[in-house]
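The chain is numbered in sequence order, starting from 1.
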Amino acid sequence: MADTTGNTSGTGAVTAPHPDSIPREARWKYIGPGIVVAATGVGAGDLVATLIAGSNFGYTLLWAAVIGCLVKISLAEAAGRWHLSTGRTLFDGWAGLGRWTTYFFAVYAVVWGFVYGAAAMSSSALPLQALFPDVMDLEWWGIACGVVGLVFVWFNKYAVFEKVMTVLVGVMFVVTVYLAVRVTPNLPDALAGLLPVLPDEKDSVLNTLGLIGGVGGTITLAAYGYWVNAKGWTNTGWMKVMRLDNRVAYATTGIFVIAMLFVGAELLHAREVALAGGDKGLLQLGDILADEYGTTTAKFFLIGFFATSFTSLIGVWHGVSLMFADFVARYRKRARTTGAEVASGERERSWPFRAYLLWLTFPPMVLLFAGQPFRLIIIYGVLGAAFLPFLAGTLIWLLNSDRTPRQWRNGWVSNGMLAVAGLLFLVLCVKQVWDQPWSEFF
């Protein structure tokens, strides 16, 4: 389990050791934000998308899943490098690019948070209802998950949050690796899947890009820098530890994704089973596992399904609320917001942090009962698709300008990776916008 450094002052600030005092071989003991971002970024939807890719194409797109992890490493590293090299928060950097960033984030935070809150609660409720079918309806399980997430994040600071996330990641890891081993993967075929080959199917390019872009890619990539600061890392002395932490994050993500692709390839593709899209596809997989390996394996899988969904819920409850609190602080004081303020625990005690927590939890409960309003879902989809191109583009802008100390500006590798990420997400954004039923919107 990651060492969270554990000590807090009376104000809730995290007390981190001086980075120069950490031996090179001991750096791995201080990882933590990477575990959090991996757990939050890989939700039930990512696992279903990977299962469907394995079901449809076998091992053919294994290379795309690996590239997806590499792309996300570059984005999260860039966000963390901005926080550590400048001492400023990411939103403070965005605010310096013009008011348009403020308008975009404000609309995004309100609409995205409202719809995502309902989706996260519903996703966490599905495995609980399957495990305990006679206790209560799905909607009430969802409300219970949302309230538990609210109470947990409200009353605990980052150090405790990280420890709980690490335990849940351990559960996810054990379950996914167990399933991958249980289905007995064909290792020669899996190794062949590392060669960049496109399936001979209609829209194979877009399907492949979708898999690359969907491997743990959400607003939590931007939240990574905030978790780095909340850990107590606030200066360039922590840069090497942060980079190790980030690599561990996406190695972990890669294991989750590859394991589920193995399951899709062996359990579904070989048997020509079509899996439903969305979170309910995981429930369908649970039924298949019960038929194939017995109810114990199916229940074990449902526990992993819950861990996957609930880490995404509390991760967003904490990380995006932290970003929103910083957004409000920057807007109110019209002055620089710093990583030191995040490390002090000041943001986690602020009224904007708790107000956004409430926004994520209670208004979305209406959607659990009433269904999701059509026009709002379209706007949510467009904003969600636009966020990662926005993140990649603004990081290229910030990290190639005099806003960043010269030593820590992008090199050609970083610029190349961020440019590839930006282009990838721009293509996916255009496709998502194009696919929306706009004729029915008006």
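Ring geometry for Phe387 against Phe390 counts as tilted: the plane angle lies between 30° and 60°, on a 0 to 90° scale. Ring geometry, Phe152 versus Phe161: the interplanar angle falls from 30° to 60°, so the pair is classed tilted.
Distance CD1/Ile35 to OG1/Thr253: 9.0 Å, rounded to 0.5 Å. Distance OG/Ser122 to CG/Leu313: 11.0 Å, rounded to 0.5 Å. In this structure, CZ on Phe114 lies 6.0 Å from CG on Leu376, to the nearest 0.5 angstrom.
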Subject >> Chi angles and distances behind the side-chain contact (heavy atoms from CB on, under 4.5 Å) call for Phe353, Val153 >> reply: CA-CA 10 Å; Phe353 179 90; Val153 174; 3.7 Å; yes

**OP:** Please test Tyr30 against Leu244 for side-chain contact (heavy atoms from CB on, under 4.5 Å), starting from the C-alpha separation and ending with a verdict.
**Re:** CA-CA 10 Å; Tyr30 293 89; Leu244 174 64; over 6 Å; no

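Heavy atoms only, all atoms of each residue included: Ile219 and Trp112 are closest at CG2-CH2, 3.7 Å. The two residues Thr89 and Trp82 come nearest to each other via the heavy atoms O-NE1, 2.9 Å. Closest of all the heavy-atom pairs between Arg81 and Met242 is N-CE, 3.6 Å. Closest non-hydrogen pair, Gly149 versus Ile314, comes out as CA-CG2, 3.8 Å. Residues Asp92 and Asp326 share a closest heavy-atom pair of N-OD2, 4.2 Å.
Legend: residues meeting salt bridge (Lys or Arg N to Asp or Glu O under 4.0 Å) with Lys431, ordered by chain and number and at least two apart, are Asp435. Under the salt bridge (Lys or Arg N to Asp or Glu O under 4.0 Å) criterion, Glu341 pairs with Lys333, Arg347, sequence neighbours left out.
Between the side chain of Asp245 and the backbone N or O of Gly34, at least one donor-acceptor pair lies under 3.5 Å. Looking only at distances, a side-chain donor or acceptor of Thr404 sits under 3.5 Å from a matching main-chain atom of Leu398.
Inter-residue side-chain proximity for Tyr158 and Leu322 is flagged as unmet; no heavy-atom pair is nearer than 4.5 Å. In this structure, the side chains of Met323 and Phe91 stay at 4.5 Å or more apart for every pair of heavy atoms. Put simply, the side chain of Phe301 reaches to within 4.5 Å of the side chain of Leu282, judged on heavy atoms. Here the side chains of Val320 and Trp359 are not in contact, with every heavy-atom distance at 4.5 Å or above.
No option in Thr337, Leu395, Thr394 other than Leu395 meets the side-chain contact (heavy atoms from CB on, under 4.5 Å) test with Leu90.
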Residues 95-106 side chain polar contacts: donor-acceptor under 3.5 Å, at least two apart:
from	atom 1	to	atom 2	distance (Å)
Trp100	NE1	Leu97	O	3.2
Thr101	OG1	Trp94	O	2.9
Thr101	OG1	Gly98	O	2.8

For residues 189-197, tabulate all N or O donor-acceptor pairs below 3.5 Å that involve a side-chain atom, not counting sequence neighbours.
from	atom 1	to	atom 2	distance (Å)
Asp189	OD2	Asn186	ND2	3.3

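Pairs engaging residues 385-414 under the salt bridge (charged side-chain N to carboxylate O under 4.0 Å, His left out) rule: none recorded [sequence neighbours left out]. Sorted by first and then second residue, the side chain to side chain donor-acceptor pair (under 3.5 Å) pairs with a member in residues 311-321 read Trp227-His318, Trp317-Thr361, His318-Glu348; sequence neighbours excluded.
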